[in-house]
There are 2 protein chains.
Amino acid sequence: MEKNNITLSRFIKEKRKLANLTQPDLADKAGVGLRFVRDMEQGKATLKMDKVNQVLKLFGHELGPVAMNRKTLFHEES
Amino acid sequence: MEKNNITLSRFIKEKRKLANLTQPDLADKAGVGLRFVRDMEQGKATLKMDKVNQVLKLFGHELGPVAMNRKTLFHEES
DNA sequence: ATTTATTATACCTTAAAGGGTATAAATATA
DNA sequence: TATATTTATACCCTTTAAGGTATAATAAAT
């Protein structure tokens, strides 16, 4: 699978673990399919933004443009 | 059209203007269709991440998870 | 006011995302 | 070790994003 956005991938996996949720749990809560959560955590590059945002919203985040350098994101102030 | 991510929409429109590019110009440079650039600038919510990233890359940015509060993004340090 | 350039809408086709389900693999637990 | 739990992979189906093209609507310029 063409992968990309390891940042997003790591972010969601980390947040999910911290919340003690399984992938099915997260899928339910976010209202997306299980397959989607998996694709997301594996860094699938062609995900649709709206679906990704449904998931990110659970953790108070959303997709947005970020500068490409800072390879260590999500240490913002969460 | 279901719109979302006004942030992204404004970001791309702003960057394009600053670079003195027309929508067709940007589409060419990014390797995406003209229709896509337009959907993007109009805040279409269901865009695919990889295509959006192709465009953002031209401006040194990419999609990533950002905290939902800060409604005024892209004053990072660009 | 009239071109000219830029942006927005509409229709059609193709490729693929997302969901469901089933199975396999991996990880954790007893 | 086995056994349960969680995660990964594979298949089919439906929906739709994205591109192309054409047309309409603005905006800019002369």
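Throughout, a chain's letter reflects where its sequence line sits, starting with A, and its residues are numbered from 1.
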Taken to the nearest 0.5 Å, the spacing of B:Gln54 CD from B:Lys51 NZ works out to 4.5 Å
Between A:Pro65 and B:His61, which heavy-atom pair has the shortest distance, and what is it?
-> C-CD2, 4.0 Å
Heavy-atom side-chain contact between A:Lys17 and A:Glu14 under 4.5 Å = no
Going by the angle between their ring planes, with limits at 30° and 60°, are B:Phe59 and B:Phe11 parallel, tilted or perpendicular?
-> perpendicular
With five pairs defining each end axis, the helix from C:dA1-D:dT30 to C:dA30-D:dT1 comes out bent, to 10°, by 60°
Proximity to DNA chain D (any heavy atom under 4.0 Å), residues of residues 21-29 of chain A only | A:Thr22, A:Gln23
Base versus backbone protein contacts along nucleotides 16-30 of chain C [heavy-atom cut-off under 4.0 Å; B, S, -] = -SBBBB---------
Can you tell if the side chain of B:Val66 reaches within under 4.5 Å of the side chain of A:Glu62, non-hydrogen atoms only?
-> yes
Whole-Å distance between D:dT6 P and A:Gln42 CD?
-> 18 Å
Take nucleotides 24-30 of chain D nucleotide by nucleotide from the 5' end and write B, S or -, depending on whether a protein heavy atom sits under 4.0 Å from the base, only from the sugar-phosphate, or from neither.
-> -------
Measuring from A:Lys48:NZ to B:Lys48:NZ, what's the distance to the nearest 0.5 Å?
-> 8.0 Å
Check whether any side-chain heavy atom of B:Leu63 lies under 4.5 Å from a side-chain heavy atom of A:Leu8, and answer yes or no.
-> no
Under 3.5 Å, which donor-acceptor pairs do the side chains of residues 25-37 of chain A form with other protein atoms, sequence neighbours left out?
| residue | atom | partner | partner atom | Å |
| --- | --- | --- | --- | --- |
| A:Asp25 | OD1 | A:Thr22 | OG1 | 3.4 |
| A:Asp25 | OD2 | A:Thr22 | N | 3.1 |
| A:Asp25 | OD2 | A:Thr22 | OG1 | 3.1 |

How far does CD of B:Glu41 sit from CZ of B:Arg16, to the nearest 0.5 angstrom?
-> 4.0 Å
Separation between NZ of B:Lys15 and CG of B:Leu56, rounded to the nearest 0.5 Å | 10.5 Å
Drop me the distance from A:Met49's CE to B:Met49's CE, to the nearest 0.5 angstrom.
-> 7.5 Å
